[in-house]
Amino acid sequence: GVVYNVLIDGFAKRGDMGEANRLFEEMLEKGCVPTVFTYNSLLSGFSRKGELGRVQRLFKDMIRQGCVPNIFTFNNLLDGFCKVGDMVEAHRLFLEMRGLGCPPDVVSYNTLIRGMCYKGKPHEAQRLLREMAKSGIGPDVMSYNILIDGYSKYGAVDHAIKLFYEISKSGLQPSAFSYSTIIDCLCRAGKAGAGLVVFKDMVAAGGVPDAAVVIPLLIGLCRNDKLTEACELFHEMMRFQCVPPIPEYNVLMYKLCKAKRSDDVCLVFHELTERGFSPD
RNA sequence: ACACCUUCGAUAUUCU
């Protein structure tokens with residue numbers, strides 16, 4: 001039984017719902033009883049794919065089999081509605097959850113906030129953030145990350161920046177996601193210099209930058225012809241053994257060539273080959 | 001008994 005659960009969850013996470021479903025049927029044939037875990041894994045997979053019909057059918061099956069849904073189940077359903085943009089149903093379920101014995105938790109809120117942002121309504125989403133603080137469910141870093149990304153995609157850079165700094169003020173630690181989101185936001189807005197400042201803050205605070213932090217920054221700096229800074233960043237990356245894909249290095253080297261900074265080009269090239277990367 | 005389930009980020013650019 002557990003083995004099936006683990007396998008089904010694995011395939012569901014990889015998005016292979018055909019195989020997940022096949023295992024589910026095989027499991028039933030063998031007389032294994034699916035648990036709430038089994039259903040939750042399947043619900044999660046179908047939700048992510050936006051297959052709301054299957055989600056609802058599966059949920060009905062689950063109830064019919066006498067399987068008791070838990071908070072994970074409802075959050076999966078919530079995500080299902082949000083993924084297809086049905087915020088009316090999402091809200092309805094959200095309000096019903098308490099009466100069903102599963103009051104909304106931080107994940108429920110985050111899911112709803114994400115749904116609102118996806119609809120292009122970050123301001124309404126922010127109201128939810130305030131509401132959760134009031135109702136005793138502290139927003140977590142993810143709540144902020146989602147909203148920052150929402151504002152970023154909405155083009156409200158100032159709001160995004162403000163929220164980013166609110167993370168620390170509220171006693172939370174910005175995560176790598178927080179940094180990559182705000183840095184990407186700044187770079188897209190043509191403020192790669194400001195992005196670099198945030199990057200340095202991150203490193204100073206002991207954060208370990210990953211590819212999602214560095215790639216937008218490197219591209220942004222190159223685009224703004226801040227090549228000295230881009231080189232600096234490149235060396236920093238090497239220090240962290242951060243390994244973005246080859247095209248990003250090519251851009252940097254190309255820009256350096258154009259600027260006739262052959263010394264820097266050689267430095268970059270040597271560092272790459274020395275560390276065992278093969279520039280193409 | 002334990003374990004398995006839910007929510008967040010980048011790849012706009014180079015060699016033409």
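In what follows, chains are A, B, ... by sequence order, proteins preceding strands, each numbered from 1.
- Here the side chain of A:Lys13 is nearest to one of B:C5, B:U7, B:G9, namely B:C5.
- When distances are taken from the side chain of A:Arg223 to each of B:C5, B:U13, B:U7, the shortest belongs to B:U13.
- Of the candidates B:C5, B:A10, B:U7, the closest approach to any side-chain atom of A:Asp184 belongs to B:A10.
- Taking only distance into account, the side chain of A:Asn110 meets the base of B:U7 through a donor-acceptor pair shorter than 3.5 Å.
- Between B:A10, B:C8, B:U6, one nucleotide has an atom nearer to the side chain of A:Lys153 than all others, and that is B:A10.
- For the pair A:Leu43 CG and B:U7 P, the interatomic distance rounds to 12 Å; values are reported in whole Å.
- With distances taken from any side-chain atom of A:Cys187 to the nucleotides B:C5, B:A12, B:G9, the minimum falls on B:A12.
- Residue A:Arg188 has its side chain nearest to B:U11 when only B:A12, B:U11, B:G9 are considered.
- Using a 4.0 Å cut-off between charged side-chain N and carboxylate O, A:Lys162 and A:Asp158 make no salt bridge.
- Taking atom CG of residue A:Leu129 and atom C1' of nucleotide B:U7, one finds them 14 Å apart after rounding to whole Å.
- Note: A:Phe164 and A:Tyr179 meet the aromatic proximity criterion, with ring centroids under 6.0 Å apart.
- Atom CG of A:Leu147 and atom P of B:C8 are 14 Å apart (whole Å).
- Aromatic ring centres of A:Phe94 and A:Tyr109: separated by under 6.0 Å.
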Short heteroatom pairs, N/O only, protein and nucleotides 14-16 of chain B, under 3.5 Å:
residue : atom : partner  : partner atom : Å
B:U14   : O2   : A:Asn250 : ND2          : 3.2

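- Considering only heavy atoms from C-beta on, A:Pro34 comes within 4.5 Å of A:Tyr39 through its side chain.
- The closest side-chain heavy-atom distance from A:Pro104 to A:Arg98 is below 4.5 Å.
- In this structure, A:His123 has its ring center under 6.0 Å from that of A:Tyr151.
- Atom CG in A:Asp140 sits about 9 Å away from atom C1' in B:U7, given to the nearest Å.
- With hydrogens and angles ignored, no donor-acceptor pair under 3.5 angstrom links the side chain of A:Thr181 to the base of B:G9.
- Comparing B:U13, B:C5, B:G9 against the side chain of A:Ile219 picks out B:U13 as the nearest.
- Applying the 4.0 Å criterion to OP1 and OP2 of B:U7, one finds that A:Lys83 has every side-chain N and O outside that range.
- Atom CD of A:Glu26 is surrounded by more than 12 heavy atoms from other residues, nucleotides or ligands within 6.0 Å.
- Residue A:Ile146 places its side chain closer to B:U7 than to any other of B:A10, B:U7, B:C5.
- When the nucleotides B:G9, B:U6, B:A12 are ranked by their closest atom to the side chain of A:Val213, B:G9 comes out on top.
- Comparing B:A10, B:U6, B:C8 by their closest approach to the side chain of A:Ile215 singles out B:A10.
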